[in-house]
Amino acid sequence: MPDAILVAVAWPYANGPFHVGHIAGAYLPADVFARYQRLRGNRTLMVSGSDCHGTPITIAAEREGISPQDVIRRYHPTFLKTFQALGISFDLFTQTYTDNHYRVTTDMFLRLLENGYLYKDTMVGSYSETLGRFLPDRFVEGTCPNCGYPRARGDQCDSCGHLHDPQDLIAPRSVLDGAPVTFRETEHFFLDLAKLEPPLRAWIESVDRSYWRANTLLFTQNWLREGLRGRAITRDLEWGVPVPVDDPTFKDKRIYVWFDAVIGYFSASIEWAERIGAPDAWKEWWVCLPDGSAPARSYYFIGKDNIPFHTIIWPAMLIGYGNLALPYDVPANEFLNLEGDKMSTSRNWALWAPEIEDRYQPDAIRYYLIANGPETRDSNWSWADFVQRVNSELVATWGNLANRVLSVTHRNFGVVPQPGALTDADRQLIAATQQTFERVTALLDGVKLRAALNEAMALAQAANQYLSEQEPWKLVKSDQERAATVLFVALRTVDTLKMLFCPFLPFSSQRLHELLGYTGTIAPQPQVEETQAPDGSPRLILTGDYAASAGAWGISVLAPGQPIQAPTPLFQKLDEAIVTEELARLHAKVRS
RNA sequence: GCCGGUGUAGCUCAGUGGUUAGAGCGAACGACUCAUAAUCGUUAGGUCACUGGUUCGAUCCCAGUCACCGGCACCA
């Protein structure tokens with residue numbers, strides 16, 4: 001029985017395009033993992049969608065004088081375009097602005113209320129008189145009561161580091177329009193995290209979590225150590241999922257974005273099931289078995305800024321709802337810096353996905369973002385490094401290996417040659433291939449993507465060494481049988497590498513698959529489809545049929561006689577000149 | 001302020017309580033020429049941030065110092 005695997009990916013705010021940090025942090029690792037799981041033959045469901053609610057969307061809409069729906073319609077399609085360009089293979093990438101999501105969120109809210117995990121309380125909110133609405137602390141600034149710095153943020157002073165509440169500020173004002181801010185009491189629903197803490201703690205401690213990344217575990221333990229307290233899950237906003245209670249006080253309030261966004265993993269699974277015409281299919285990933293265990297392993301791919309939401313709050317909600325599968329792992333990534341500096345959208349110091357997705361081969365971008373991925377610590381995108389690694393590793397080591405083996409074979413045999421007796425050197429490479437396959441498999445199972453990619457690359461290097469020693473291009477003139485044997489061993493290694501690289505480099509692995517004379521699909525790609533938004537307007541989703549790759553994961557069994565195509569290079573070598581061009585482009589658009 | 005992380009060869013990073021601390025890239029030299037001037041080999045050399053401690057012995061354990069970074073829950 002194959003395993004069921006849920007690949008849940010962070011929901012991006014639909015208020016701007018992706019930058020490479022988003023891709024490296026969540027979407028690409030999730031895709032690599034999902035592709036691997038599908039190749040293994042596991043039932044894999046990869047979902048996410050655009051987060052349509054929340055203050056950033058509202059602000060963006062106001063700034064541009066358009067509706068929140070317009071903001072979503074502007075940016076959601078750019079996400080889909082990036083995913084298609086880079087081959088991010090969602091089973092469903094939807095959005096939170098759907099009838100289904102509203103229904104599921106409402107259900108979750110009511111169920112938690114019914115189960116006694118929600119309570120009402122009043123809090124003091126920062127209120128903008130000019131805008132007529134409450135503001136998040138982030139949108140309030142004023143003079144620091146501690147040091148007198150005039151532009152202290154609502155929650156903390158950037159000058160002296162003093163922590164405070166917005167009410168403590170002298171002359172608090174809105175960062176949106178500079179108008180004075182007052183403070184009003186407002187009633188909200190709270191998620192009773194204090195009440196959910198004991199079962200949450202029991203869940204965390206129920207198994208040895210050392211398979212979680214150290215940072216993820218540490219963050220979670222710190223939160224638990226400090227003790228959990230209730231968290232407001234409604235807001236004074238006009239855009240979002242309505243609060244489903246019969247109470248005029250909540251008529252002008254909405255469910256708060258973090259509460260509804262995490263529900264997206266669940267609602268998107270349900271939407272997916274309905275789309276494929278099997279309305280109960282989502283249960284295979286979500287509904288606990290009679291013994292209470294999870295029916296699937298669910299992996300949440302997120303950035304480190306999202307850890308508490310996925311290891312504390314979302315599990316608490318799932319526990320409160322009852323009988324739903326809790327996360328198995330939360331492979332949170334650190335951040336990707338850009339040329340040594342933290343990316344900043346306000347300064348426009350960012351490398352936007354739409355700027356590069358058409359200029360470079362998707363596999364080159366994918367290679368660099370995984371090989372240099374922020375798995376255990378912040379890492380850095382540098383154009384010089386990008387060019388160097390693509391040229392020396394992807395092109396020179398792997399692409400060239402495939403190319404030279406295919407070229408010699410095609411020219412001299414035209415098909416996979418029939419091997420003769422194996423020598424020690426042959427057996428060594430075959431054994432190394434076997435070992436690498438096992439190591440890569442284990443590393444991918446543990447979501448250690450960077451290490452897995454490095455292992456595969458090391459085998460490509462070993463194969464290059466083997467070729468240099470065996471020199472099949474000379475043997476074809478002196479010893480046809482030996483040449484055939486060497487090329488056969490090399491071809492099988494290349495064929496295995498094709499599979500090992502497939503989750504990482506799906507475009508080139510698919511091409512190589514065909515060059516090797518196969519006809520099937522090992523790396524299916526996603527596609528955009530159209531459906532309807534709640535207001536009746538068309539809305540786009542990303543989906544795909546990935547069944548073709550199921551179960552293909554394995555060591556090569558390439559058979560003699562299979563025709564080999566004349567190869568052309570798998571990867572484009574990059575011109576050094578792009579380093580200065582890209583740096584100039586980057587610096588030209590930066591704001592100070 | 002509180003909590004936490006990081007500091008290893010020019011660059012990006014592995015790693016371990018124990019004889020001469022590793023890889024890739026870059027650099028130098030050599031080999032080869034099937035392959036996108038790709039590949040293969042050899043070499044370079046770093047007081048493993050600093051100080052002190054535990055230990056027969058520490059880069060790895062402990063304490064302190066310095067530097068950089070992150071979190072501190074209504075930003076998700």
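Convention: sequence-line order gives letters A, B, ...; per-chain numbering from 1.
The closest side-chain heavy-atom distance from A/Leu338 to A/Leu586 is below 4.5 Å. No side-chain heavy atom of A/Trp349 sits less than 4.5 Å from a side-chain heavy atom of A/Asn337. The shortest side-chain heavy-atom distance between A/Tyr13 and A/Ile57 falls under the 4.5 Å cut-off. Two residues are said to be in side-chain contact when any heavy atoms from C-beta on lie closer than 4.5 Å; A/Arg235 and A/Arg254 fail this criterion.
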Nucleic acid footprint by protein, nucleotides 29-37 of chain B - heavy-atom cut-off 4.0 Å, B for base, S for sugar-phosphate alone: ---SSBBB-
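Using P as the reference atom, B/G52 and B/G46 are 22 Å apart when rounded to the nearest Å. If you take atom C1' in B/G7 and the same atom in B/C48, they sit 10 Å apart, rounded to whole Å. When the P atom is used for both B/G26 and B/A73, the distance is 47 Å, rounded to whole Å. Remark: the separation of the P atoms in B/C60 and B/G5 is 16 Å, to the nearest Å. For the C1' atoms, the distance linking B/G15 with B/C3 amounts to 28 Å, nearest Å. The separation of B/A58 from B/G17, taken at their C1' atoms, amounts to 6 Å, rounded to a whole angstrom. Distance noted for atom P between B/U43 and B/C34: 28 Å (whole Å). Separating the C1' atom of B/C66 from that of B/A23 is a span of 30 Å, rounded to the nearest Å.
Of all heavy-atom pairs spanning A/Pro331 and A/Tyr300, the tightest one is CD-O, 2.9 Å.
Residue contacts for A/Gly227: at a heavy-atom cut-off of 4.0 Å it reaches a base atom on one of the strands shown. Within the nucleic acid shown, A/Met123 comes within 4.0 Å of at least one base atom, counting heavy atoms only. If you check every strand for non-hydrogen atoms under 4.0 Å, A/Glu393 touches sugar and phosphate atoms only. Nucleic acid contact class of A/Trp223 (heavy atoms, under 4.0 Å, all strands): base. At a threshold of 4.0 angstrom between heavy atoms, the contacts of A/Val476 with the nucleic acid are absent. Residue A/Glu469 is classed as having no contact, given no heavy-atom separation below 4.0 Å to the nucleic acid.
In summary, the side chains of A/Tyr360 and A/Glu582 do present a donor paired with an acceptor at a separation below 3.5 Å, with no hydrogens or angles considered. Residues A/Ser126 and A/Arg184 have side chains that never bring a donor and an acceptor to within less than 3.5 angstrom of each other. Looking only at atom types and distance, the side chain of A/His76 has a donor-acceptor partner in the side chain of A/Ser50 under 3.5 Å away.
Consecutive pairing runs in RNA chain B reach the stem threshold at B:1-7 with B:66-72, B:10-13 with B:22-25, B:27-31 with B:39-43, B:49-53 with B:61-65, where a stem means at least three Watson-Crick or G-U wobble pairs with distances under 3.5 Å.
The CH2-C1' distance, from A/Trp11 to B/C75, rounds to 19 Å in whole Å. Between the P atom of B/C11 and the CD atom of A/Glu339 lies a distance of 15 Å, rounded to the nearest Å. Rounded to whole Å, atom P of B/G24 lies 22 Å from atom CZ of A/Phe386. Rounded to a whole Å, the CG atom of A/Asn391 is 16 Å from the C1' atom of B/C11. For A/Arg389 and B/G24, the CZ to P distance is 12 Å, given to the nearest whole Å. Summarising the geometry, the separation between CD on A/Glu334 and C1' on B/U6 is reported as 10 Å, rounded to the nearest angstrom. In this structure, the CG atom of A/Asn337 is 12 Å from the P atom of B/U12, given to the nearest Å. Remark: C1' of B/U12 and CG of A/Leu453 are 14 Å apart, rounded to the nearest angstrom.
Where A/Asn372 and A/Ala460 meet RNA chain B, the nucleotide closest to each residue was compared, and A/Asn372 sits on the side nearer the 5' end.
Taking the six-membered ring where tryptophan is involved, the planes of A/Phe79 and A/Phe93 are perpendicular, since the angle between them exceeds 60° and thus also 30°.
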- request: With side chain to side chain contact (heavy atoms under 4.5 Å, CB included) as the test, would you mind laying out the steps for A/Tyr27 and A/His22 before giving the verdict?
  value: CA-CA 7 Å; A/Tyr27 305 99; A/His22 297 124; 4.0 Å; yes
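Contact check, A/Arg450 against B/A14: a side-chain N or O comes under 4.0 Å of OP1 or OP2.
Proximity note for A/Ala396 (side chain, C-beta onward) versus B/U39, B/C13, B/C74: the nearest is B/U39. Comparing B/C13, B/G71, B/A73 against the side chain of A/Arg229 picks out B/A73 as the nearest.
Interatomic distance, CG of A/Leu336 versus CG of A/Asn372, reported as 7.0 Å (0.5 Å rounding).
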